[in-house]
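Let me begin by presenting the structure, written as structure tokens, before commenting on it.
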Amino acid sequence: MSKIQIAIDGPASAGKSTVAKIIAKDLNFVYCDTGAMYRAVTFAGLQARVSLTDSAALIALLAQTPLSFQPSATGQKVFLGHQEVTEEIRSQAVNQEVSGVSALKEVREKLVELQQEIAASQNIVMDGRDIGTQVLPQAQVKIFLIASVAERAKRRYQENLSKGQAADLAEIAESIAKRDYLDSHRAVSPLKKAADAVEVDTTGLNIQEVVDTIKKIISSKVPDLQFL
Ligand code: DC
């Protein structure tokens with residue numbers, strides 16, 4: 001039987017990874033966070049002190065220390081070679097640079113190839129910006145998750161506080177709006193809803209409500225799928 005692909009795209013902090021993880025678990029599918037892949041390349045570049053506009057050098061780093069994922073009780077661990085970088089790829093330094101790295105054509109081509117390989121052999125829930133449009137254009141289910149900038153900033157602010165990190169709501173809102181702009185205005189694969197994606201606005205919804213909405217969409221597209 002051909003593999004089932006569920007693509008979840010949308011802007012930064014719309015809740016994609018939280019709901020994608022739950023949906024994958026409830027379907028017993030593999031979850032792939034493609035943003036983590038762009039973040040890992042960015043971190044590798046910062047660590048090796050190569051220019052973050054030098055695609056060839058960044059791709060060479062990936063060849064030296066291949067990117068891999070390992071499922072864990074708390075989510076997904078990210079490795080570069082043998083080095084675990086799960087926490088490091090969420091740092092402020094990476095946040096600031098990742099939009100630039102993800103705008104590099106050759107880096108995108110390399111990561112899209114890896115993402116397509118990952119999806120070829122297993123049922124998958126993949127989240128990102130270009131999954132429905134570029135990576136898995138044949139996906140049986142495509143969701144485009146959105147929420148207002150204010151709502152996304154509020155969620156990120158509360159998440160930071162709950163981790164004991166300092167947070168400034170206005171600063172977070174500004175950084176989200178900036179990343180939206182960069183992600184949707186870049187020349188290569190800009191953030192864009194696929195023509196056949198279903199848009200879900202999560203403003204004012206809690207996680208469970210978003211998960212339930214997406215499960216209904218999945219069931220309408222692939223009626224045979226059973227949730228655990
Ligand atoms: O979802 P995130 O914030 O972890 O994504 C990090 C960056 O990577 C973000 O600036 C957009 C980019 N990205 C992308 O261009 N394509 C993807 N498929 C996933 C993420």
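Both counts, for ligands and for their atoms, begin at 1 and track the order of listing. Values in this document were obtained by computation on a predicted structure and should not be read as measured data.
Proximity of Arg186 to ligand 1 is established by a heavy-atom distance of less than 4.0 Å. For Ser99, the closest heavy-atom approach to ligand 1 falls below 4.0 Å. Heavy-atom distances between Met37 and ligand 1 stay at or above 4.0 Å for every pair.
Applying the ring pair (Phe, Tyr, Trp, His ring centres under 6.0 Å) test to His82 and every residue at least two apart in sequence or in another chain returns nothing.
In this structure, the protein non-hydrogen atom closest to atom 8 (O) of ligand 1 is Tyr38 CB, 3.7 Å. The closest protein non-hydrogen atom to atom 20 (C) of ligand 1 is Gly35 CA, 3.5 Å. Taking atom 1 (O) of ligand 1 as the reference point, the nearest protein heavy-atom neighbour is Arg129 NH1, 2.9 Å. The nearest protein atom to atom 7 (C) of ligand 1, hydrogens excluded, is given as Val98 CG2, 3.6 Å; this is a heavy-atom distance. When only non-hydrogen protein atoms are considered, atom 16 (N) of ligand 1 lies nearest to Arg108 NH2, 3.0 Å.
Salt bridge status for Glu151 with Arg155: present, with a side-chain N to carboxylate O gap under 4.0 Å. The pair Asp183-Arg129 meets the salt-bridge criterion, with a side-chain N (NZ, NE, NH1 or NH2) lying under 4.0 Å from an Asp/Glu carboxylate O. Ion pairing of Asp33 with Arg90 is present here, as a side-chain N (NZ or NE/NH1/NH2) and a carboxylate O approach within less than 4.0 Å. A salt bridge does not link Lys178 with Glu174: none of the charged nitrogens is closer than 4.0 Å to a carboxylate oxygen.
Formation of a donor-acceptor pair under 3.5 Å by the Arg152 side chain with backbone atoms of Ala147 is found in this model.
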Do any side-chain atoms of residues 54-61 form donor-acceptor pairs under 3.5 angstrom with protein atoms, and if so which ones, sequence neighbours left out?
residue	atom	partner	partner atom	Å
Asp54	OD1	Ala56	N	3.3
Asp54	OD1	Ala57	N	3.1
Ser55	OG	Glu106	OE1	3.1

**OP:** Determine, stepwise, if the pair Arg186 / Ser102 fulfils side chain to side chain contact (heavy atoms under 4.5 Å, CB included).
**Re:** CA-CA 9 Å; Arg186 67 180 175 219; Ser102 67; 3.3 Å; yes
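Within the cation-pi definition used here (under 6.0 Å to the ring centroid, within 45° of the axis), Lys215 qualifies as a partner of Phe227.
Any N or O atom pair closer than 3.5 Å counts here, and Asp130 shares at least one such pair with ligand 1. The N/O atoms of Arg179, backbone and side chain alike, include one that comes under 3.5 Å of an N/O atom in ligand 1. Between Arg39 and ligand 1, a contact under 3.5 Å exists for at least one N or O pair. The shortest N/O to N/O separation between Asp183 and ligand 1 falls below 3.5 Å.
Interface atoms of ligand 1 facing Thr34, defined by a heavy-atom separation under 4.0 Å, are 17 (C), 18 (N), 19 (C).
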